Amino acid sequence: MKLYNSLTHKKAELQTLQPGKIGMYVCGMTVYDYCHLGHARVLVAFDVITRYLRTKGYDVTYVRNITDVDDKIILRANENGETVDALTERFINAMHEDERELGVLRPDKEPRATRYIESIIGLIQVLMDRNVAYQGANGDVYFEISKFPEYGKLSKRKLDELNAGERVSVDENKRSPLDFVLWKPAKPGEVAWESPWGAGRPGWHIECSAMSADCLGKTFDIHGGGPDLLFPHHENEIAQSEAAHGCEFVRQWMHAGPVRVDSVKMSKSLGNFFTIREVLKKHPAEVVRYFIVASHYRSPIDYSEDSLKEATASLTRLYNAFRDLYEDMGVSEASSLADCAQLAPSDLAPVDAGYRLRFAAAMDDDFNTPAALAVLFELAKAINTVKKTERQAAIAMARELVELARPLGLLQFSPERLLQGVGLSDSSDGLTPEVIEGYIQARKAARAAKNWAESDRIRDELLSKGIVLNDSREGTTWTRQDN
RNA sequence: GGCGCGGUGGCAGAGUGGUCAUGCAAACGACUGCAACUCGUUGGACGCCGGUUCGAUUCCGACCCGCGCCUCCA
């Protein structure tokens, strides 16, 4: 199993601290707004990583934090005239909803900054004791980066280069412009905790150093996050943790690629972002997942309606392989494919092991999901080819397809939900399944009378509304397209 | 300005020193009342210029272009 390490910029064999066990910490959300597609990408990427490592037999402890106190949260709460607690609670719930919709498994631990204040203060105290932190005249406690010679090793920056940069703000309270805040005194009325440096709140970076150590230990296997966290956030985490603990912080750094719109990164500051919930009104969650998984996790992806439509078409092809097989797979068309493995008998014809091996080879190579998907399409084609003639073999392969797709979080929902667009609020244009069934019955009568003109008229009418009919020996089924 | 990543067929997107990615789209054929689904077949690609090599899209160098980070952002 090879992983790309953003610290070394190289792929290397995964070596865990303890055999068979992996501790993984991923930087999660600052909860002052709804999650957008950039968050979705990180959520899905590390969900796939966790799922796959587990299918390989690793005992993964997945920790993803929640930042529930910071400047933006306080500002937003004030704007809304609500308390910080009320605001964060609301958006944590929203985040959990989005996560569930996307089929993202919950992390094992979800530490919140406000619940780890004691650990955070303890860690800052260690840094003060070790003389790598100091309190400025304004009361802010800063980490002094000149005391940590390795500063910049993750982002490949040299201190003098950073100093030469034009965008580093100058602050008279800091010994160096690059020193960053560990503890911030509260303004009157702001949420605050008592500390040796006065009442205040933690800086952003320190919470991750404190919580990761508490949850996973001073050194752990994998640390992940979004692309814009590499600098300064993760660089600062390294500085704090290694300066305080005197040992290596993280073995393996992983960073997801950006989500773009029109070739420009989706970001809060540019305002060019789409929230997960707004996209899920128009597209099934698995389509969004497919869109994310169809590119390698480190590559940039471009979000557009066209790219989601293409994802829909591709995923539909995969689901089409199951047509006419549901019943014998042990699931009804209305239930979830994810259950079929438990229900179906195991004494089916053996499936060519090549698919499984090639899928694993792709995933073992730094989670090459596009290459893994290609194997799924090969399998789908094989199913379609033998479906009519070798039914038992087709059923066995269909089960294999579901199993292989499981770590990707695909083909887990009901085919009906995907193909018929069930649950999409933006597709509820009065065409309920009952109404559509009415059309189908009318057309069936026309076809029985060989009234092809009427039959085609009904089909065209539905097509103009995005409903595609599909006649087979067993009857007529329908799917929704262009959603 | 500094550091980093990337430029693959109409589009998306893997990959490799010399036979296939894969998906969408397109064309033809089969199936179908006609379609849809599906199957079969087809075309078409490696930014540009040099170098290494028997041979480079793949390795090296220059150049052009795009993007990211350097400021809160996943």
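Given the structure is predicted, the values throughout are model-derived calculations rather than measurements. Residue numbers start from 1 in every chain, and the chains themselves are labelled A, B, ... in the order their sequence lines are given, proteins ahead of strands.
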*Select base, sugar-phosphate, or nothing to describe what Arg443(A) touches, counting heavy atoms under 4.0 Å on all strands.*
base
*Using only side-chain N and O atoms of Asn320(A), determine if any of them is under 4.0 Å from OP1 or OP2 of U38(B).*
yes
_Atom C1', compared across C72(B) and G61(B): separation rounded to whole Å_ = 40 Å
*Identity of whatever pairs with A56(B) - Watson-Crick or G-U, under 3.5 angstrom*: none
_Along RNA chain B (nearest heavy atom to each residue), the more 5'-positioned of Leu315(A) and Asp471(A)_ = Leu315(A)
*Between C37(B), G4(B), G33(B), which nucleotide gets closest to the side-chain atoms of Arg323(A)?*
C37(B)
*Mind checking the P distance from G10(B) to C46(B)? Whole angstroms is fine.*
9 Å
_Per Asp365(A) side chain, nearest of listed nucleotides C67(B), U22(B), G15(B)_ = G15(B)
*When you compare A26(B) with G7(B), how far apart are their P atoms, in angstrom units rounded to a whole number?*
27 Å
*Does the ring center of Phe220(A) lie less than 6.0 Å from the ring center of Phe249(A)?*
yes
*Consider the side chain of Val264(A), meaning its heavy atoms from C-beta on, and name the nucleotide among G15(B), G68(B), C37(B) that approaches it most closely.*
G68(B)
*Could you let me know what C67(B) is paired to, Watson-Crick or G-U wobble, both distances under 3.5 Å, or none if it's on its own?*
G4(B)
*Whole angstrom is fine here: how far is it from CG in Asn470(A) over to P in U32(B)?*
14 Å
*Assign the ring pair His36(A) / Phe273(A) to parallel, tilted or perpendicular, where the plane angle (0 to 90°) is split at 30° and 60°.*
tilted
*Rounded distance (nearest 0.5 Å) linking atom CD of Glu97(A) with atom CG of Asn93(A)*: 7.0 Å
*Could you please name the partner base of C37(B), counting Watson-Crick and G-U wobble pairs only when both distances are under 3.5 Å?*
none
*Under a 3.5 Å cut-off for both distances, is C73(B) Watson-Crick or wobble paired, and to whom?*
none
*Toward the 5' end of RNA chain B, by each residue's nearest nucleotide, Ala313(A) or Ala382(A)*: Ala313(A)
*What is the nucleic acid contact for Ser299(A), judged by heavy atoms within less than 4.0 Å: base, sugar-phosphate only, or nothing?*
sugar-phosphate
What pairs of nitrogen or oxygen atoms, one from the protein and one from nucleotides 72-74 of chain B, lie under 3.5 Å apart?
residue	atom	partner	partner atom	Å
C72(B)	O2'	Lys72(A)	NZ	2.3
C72(B)	N4	Ser269(A)	OG	3.1
C73(B)	O2	Lys268(A)	N	3.4
A74(B)	OP1	His39(A)	NE2	3.0
A74(B)	O5'	His39(A)	NE2	2.9
A74(B)	O2'	Gly226(A)	N	2.3
A74(B)	N7	His36(A)	NE2	3.2
A74(B)	N6	Met266(A)	O	2.4
A74(B)	N1	Val259(A)	N	3.1
A74(B)	N3	Gly38(A)	O	3.2

_Validation row, ring centre Phe180(A) to ring centre Tyr142(A) under 6.0 Å_ = no
_Spacing between Lys388(A) atom NZ and U32(B) atom C1', to the nearest angstrom_ = 12 Å
*Rounded P spacing from A21(B) to A36(B) in Å*: 27 Å
*For the pair made of NE2 in His234(A) and C1' in G68(B), what is the distance, rounded to whole Å?*
16 Å
*In whole angstrom, what separates Ile383(A)'s CD1 from C37(B)'s C1'?*
15 Å
*Answer yes or no for Arg298(A) and Tyr4(A): cation-pi contact, defined as NZ/CZ to six-membered ring centre under 6.0 Å and angle to ring axis within 45°.*
yes
*Which whole number of Å gives the distance between the P atom of U57(B) and that of G51(B)?*
14 Å
*What does Asp306(A) touch in the nucleic acid at a heavy-atom separation under 4.0 angstrom: a base, only the sugar-phosphate, or nothing?*
nothing
*What do you reckon, is NZ of Lys444(A) surrounded by more than 12 foreign heavy atoms closer than 6.0 Å?*
no
*Give none if A26(B) has no partner; otherwise give the nucleotide forming a Watson-Crick or G-U wobble pair with it, both distances under 3.5 Å.*
U42(B)
_Rounded to whole Å, please give me the gap between CD in Glu310(A) and C1' in A26(B)._
14 Å
*Answer with yes or no whether Ser455(A) presents, from its side chain, a donor or acceptor under 3.5 Å of a partner atom in the base of G33(B).*
yes
*Which nucleotide, U22(B), A35(B), A36(B), lies nearest any side-chain atom of Ala374(A)?*
U22(B)
*Side-chain N or O of Arg317(A) closer than 4.0 Å to phosphate OP1/OP2 of C39(B)*: yes
*When you compare C54(B) with A45(B), how far apart are their C1' atoms, in angstrom units rounded to a whole number?*
25 Å
_Under 6.0 Å from the ring centre and within 45 degrees of the ring axis: does the NZ or CZ of Arg358(A) meet both conditions for the six-membered ring of Tyr355(A)?_
yes
*Given atom CG of Asp302(A) and atom C1' of G66(B), what is their separation to the nearest angstrom?*
11 Å
*Has the side chain of Arg480(A) got a donor or acceptor atom that lies under 3.5 Å from a matching backbone atom of Gln420(A)?*
yes
*Would you say the ring centroid of Phe91(A) lies under 6.0 angstrom from that of Tyr34(A)?*
yes
_Whether His296(A) contacts G13(B) is assessed here as follows: a side-chain N or O lying under 4.0 Å from the phosphate OP1 or OP2. Is that the case?_
no
*asked:* Please classify the nucleic acid contact of Asn384(A) as base, sugar-phosphate, or nothing, using heavy-atom distances under 4.0 Å.
replied: sugar-phosphate
*Lys381(A) side chain N/O closer than 4.0 Å to the phosphate oxygens (OP1, OP2) of G40(B)?*
yes
*For Leu463(A) and C37(B), what is the distance between atoms CG and C1' respectively, to the nearest whole Å?*
14 Å
*Establish, with yes or no, whether the OP1 or OP2 oxygen of G13(B) is under 4.0 angstrom from a side-chain nitrogen or oxygen of Ser295(A).*
yes
*Taking only the side-chain heavy atoms of Asn368(A) (C-beta and beyond), determine which of C67(B), A14(B), G23(B) contains the nearest atom.*
A14(B)
*For Asp47(A) and Leu105(A), indicate whether the former's side chain and the latter's backbone hold a donor-acceptor pair under 3.5 Å.*
yes
*How close or far is atom C1' of G33(B) from atom CZ of Arg457(A), stated in whole angstroms?*
18 Å
